[in-house]
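Some notes on the structure that comes next.
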Protein chains: 2
Amino acid sequence: MTEVAVVPTRRERTRAATVEEIKATARQLMREQSTTDVRFTDIARVMGMTPPALYRYFADRDELLTALIADAYTELGRAVATAREGREHDDVAGRWLAAATAYRDWARSEPQQFALILGLPVPGYVAPEDGPTHEAARDAMAQLADLFVRAAGLGRLGQPLLPEVSPEMAACAHEKHPELDGIVPPESFQAMIHAWATLHGITSLDAYGHFDWMGDEAREALFASTIRMAAMAAGIPTD
Amino acid sequence: MTEVAVVPTRRERTRAATVEEIKATARQLMREQSTTDVRFTDIARVMGMTPPALYRYFADRDELLTALIADAYTELGRAVATAREGREHDDVAGRWLAAATAYRDWARSEPQQFALILGLPVPGYVAPEDGPTHEAARDAMAQLADLFVRAAGLGRLGQPLLPEVSPEMAACAHEKHPELDGIVPPESFQAMIHAWATLHGITSLDAYGHFDWMGDEAREALFASTIRMAAMAAGIPTD
DNA sequence: CTAGAAGTGTTATGGCTCATAACAAACAGG
DNA sequence: CCTGTTTGTTATGAGCCATAACACTTCTAG
């Protein structure tokens with residue numbers, strides 16, 4: 001346990017680079033072919049290798065898929081967090097808008113990866129024990145929760161449009177997110193999920209092309225109004 | 001053009017029955033395997049046939065997929081319409097709740113088919129010219145529009161939470177849905193899509209298992225509150 | 001410096017699926 | 001009963017996943 005390799009060796013670096021190249025190539029092919037179904041043959045061909053060589057880096061397609069899911073989940077989270085951090089700490093309205101827009105933009109630019117983490121589980125893929133699949137949901141919630149905690153701390157978290165909460169939801173909030181106790185009231189916890197659902201709905205429909213029948217300007221305006229409505233309904237200040 | 005076969009022959013009937021059995025088997029396998037990726041081999045095995053026989057009924061996998069998508073779109077529409085018709089004509093609140101619940105229940109019971117029409121377009125599948133893929137969106141909109149038209153006719157369509165509408169959205173409403181002119185104002189048209197986005201978001205997250213971390217009662221309560229919030233925000237009476 | 005070990009790539013192979021071709025059996029109408 | 005259509009079969013080829021066996025490169029220890 002002493003003297004662990006703090007500095008990666010040359011081999012470790014080249015191996016890591018190859019792993020990254022494989023994943024990047026897979027993502028590129030996913031974009032080009034508009035599918036989450038990646039063929040080892042194609043990845044290898046693009047990389048100038050033969051298919052079996054990929055098995056030195058990933059045991060099978062599921063393992064590659066798991067890595068891609070983990071990456072996607074991380075990248076979506078990072079995109080949202082970065083956008084959020086770009087606004088002042090006390091600009092709650094701006095932070096909600098920025099985070100929501102980042103969520104939407106990432107989904108539109110990477111619809112396959114978005115589907116990978118928040119769509120129907122991929123053919124044949126089974127999420128590993130406590131895997132990152134559902135963690136995307138948890139993380140999205142955590143980022144939203146941070147927004148609500150901050151708004152509450154600033155005393156700017158308004159009452160949601162729907163102030164009633166069922167005992168089950170209140171209990172769920174207390175059990176699953178005890179860190180919010182005394183800070184974000186149950187009705188705001190519920191409203192938080194409402195806001196996320198609205199954001200996720202408009203994003204999904206948009207990312208999968210179901211608003212293609214309307215013009216770009218109208219679609220942008222629709223998204224903006226949806227986010228604004230969600231904020232109003234959730235008690236997020238809209239300034 | 002005279003004397004077209006109004007009565008299907010025996011052959012036509014058996015053929016249609018086989019087509020239905022193929023589709024039903026495909027749907028069954030989709031459910032059992034939790035995937036939209038259906039293998040001709042499996043369908044044939046379940047039906048006691050050999051794989052090439054299926055090509056007598058569908059030219060290739062895409063054609064079967066197209067048929068399944070068309071069916072799914074029809075069935076979702078029918079499920080929602082049936083639920084809606086189960087309520088009195090003037091029970092606007094009940095109709096919204098019933099329609100939304102049917103939408104969610106169908107998605108939960110048939111997540112693969114739901115993903116087929118409203119998720120990421122399937123690997124390799126290209127929607128035929130004016131195909132039914134995006135029609136699911138149009139149909140969902142039409143059913144919602146009917147609800148709003150009826151509410152407006154009864155004078156019970158309230159002002160939405162967000163009364164402002166961008167010129168682009170107003171123009172889009174006028175161009176794409178001229179039948180609503182003078183009946184459903186632009187801000188309510190916009191609110192209608194907001195309501196659908198919220199419904200679709202909560203439904204997608206639920207159907208794909210992203211609320212599995214909460215108990216069944218909490219999930220039900222969450223759905224009910226979300227639908228109620230959406231109604232309030234859209235100006236649908238909640239009684 | 002030089003084996004031997006570890007790592008990384010290749011070709012060869014088996015099993016599975018999609019899809020077509022060629023052929024056989026069942027069926028409808030004169 | 002006979003003939004053409006429909007519907008099924010077996011045979012076959014191409015492509016992909018995955019493994020096995022083998023070859024080359026790179027690191028490391030003596």
Side-chain angles (χ1 to χ4, degrees), chain A residues 2-26 28-30 32-69 122-126, chain B residues 3-26 28-30 32-68 122-126:
Chain A
T2 63
E3 290 301 312
V4 291
V6 287
V7 167
T9 68
R10 170 179 173 77
R11 264 196 175 152
E12 285 167 338
R13 277 185 286 118
T14 60
R15 182 178 181 82
T18 305
V19 166
E20 281 308 312
E21 188 183 350
I22 292 172
K23 292 191 294 187
T25 306
Q28 172 196 336
L29 290 171
M30 279 170 49
E32 286 177 9
Q33 304 174 0
S34 298
T35 176
T36 56
D37 188 16
V38 200
R39 280 188 283 275
F40 269 36
T41 305
D42 292 346
I43 299 175
R45 183 178 39 72
V46 171
M47 292 180 65
M49 296 169 67
T50 54
L54 299 182
Y55 288 86
R56 297 288 180 192
Y57 302 90
F58 295 96
D60 53 14
R61 263 180 46 192
D62 267 20
E63 197 169 298
L64 173 56
L65 214 51
T66 302
L68 290 173
I69 289 173
V122 173
Y125 173 79
V126 284
Chain B
E3 289 303 309
V4 290
V6 288
V7 167
T9 67
R10 170 178 173 76
R11 267 201 170 145
E12 284 167 340
R13 275 184 288 119
T14 59
R15 182 178 180 83
T18 305
V19 166
E20 280 309 312
E21 187 184 351
I22 292 172
K23 292 192 295 186
T25 306
Q28 172 196 335
L29 289 171
M30 278 171 49
E32 286 176 10
Q33 305 174 0
S34 297
T35 175
T36 56
D37 188 16
V38 200
R39 280 187 283 276
F40 268 37
T41 305
D42 291 346
I43 299 175
R45 181 177 40 72
V46 171
M47 293 180 64
M49 296 170 65
T50 54
L54 299 180
Y55 288 86
R56 296 287 180 193
Y57 300 91
F58 295 96
D60 53 12
R61 265 180 48 197
D62 266 21
E63 197 170 300
L64 172 57
L65 214 52
T66 302
L68 290 173
V122 174
Y125 173 79
V126 285

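Chain naming here is simple, since letters A, B, ... match the order of the sequence lines and numbering starts at 1 in each. Keep in mind that what you see is a predicted model, and the values were worked out from it rather than measured.
For the pair Arg39(A) CZ and dA14(D) P, the computed distance is 18 Å after rounding to whole Å. One can place CZ of Arg61(A) at 6 Å from P of dA18(D), the figure rounded to the nearest angstrom. At whole-Å resolution of the value, CZ in Phe58(A) and C1' in dC17(D) are 16 Å apart. Distance CD1 (Ile43(A)) to P (dC16(D)): 12 Å, rounded to an integer number of Å.
The stretch residues 44-51 of chain A has no heavy atom under 4.0 Å from DNA chain D, so no residue of it qualifies as close.
Listed by first and then second residue, the side-chain hydrogen bond (donor to acceptor under 3.5 Å, both in side chains) pairs that reach into residues 43-60 of chain B are Asp42(B)-Arg45(B), sequence neighbours excluded.
Side-chain contact check for Val46(A) versus Glu32(A): every heavy-atom pair is 4.5 Å or farther apart. In this structure, Phe58(B) and Leu65(B) have side chains that are not in contact, with every pair of non-hydrogen atoms separated by 4.5 Å or more.
When all heavy atoms of Ala26(B) and Leu64(B) are compared, the pair lying nearest together is CB-CD2, 4.5 Å. Pairing each heavy atom of Leu68(B) with each of Met30(B), the nearest pair is CD1-SD, 4.3 Å.
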Report task. Dump the intermediate steps for side-chain contact (heavy atoms from CB on, under 4.5 Å) on Asp37(B) and Arg61(B), then the final yes or no. Result -> CA-CA 10 Å; Asp37(B) 188 16; Arg61(B) 265 180 48 197; 3.3 Å; yes
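Arg56(A) comes within 4.0 angstrom of a base, heavy atoms only. Within the nucleic acid shown, Phe40(A) comes within 4.0 Å of sugar-phosphate atoms alone, with no base atom in reach, counting heavy atoms only.
Considering only side-chain atoms of Tyr55(A), the nucleotide from dT19(D), dT7(D), dG8(D) that sits closest is dT19(D).
Along DNA chain D, the nucleotide nearest Asp42(A) and the nucleotide nearest Pro52(B) are compared for position; the residue whose nucleotide lies closer to the 5' end is Pro52(B).
Between atom CG of residue Leu54(B) and atom CZ of residue Arg39(B) there is a gap of 14.0 Å, rounded to the nearest 0.5 Å.
A salt bridge links Lys23(A) with Glu20(A); the closest basic N to acidic carboxylate O contact falls under 4.0 Å.
In this structure, Tyr57(B) reaches the dG8(D) phosphate: one of its side-chain N or O atoms is under 4.0 Å from OP1 or OP2.
Once you apply a 4.0 Å limit to the heavy atoms of chain A, the touched nucleotides of DNA chain C run 5' to 3' over dA6(C) to dA12(C).
Checking side-chain atoms of Glu12(A) against main-chain N and O of Thr9(A) turns up a donor-acceptor pair under 3.5 Å.
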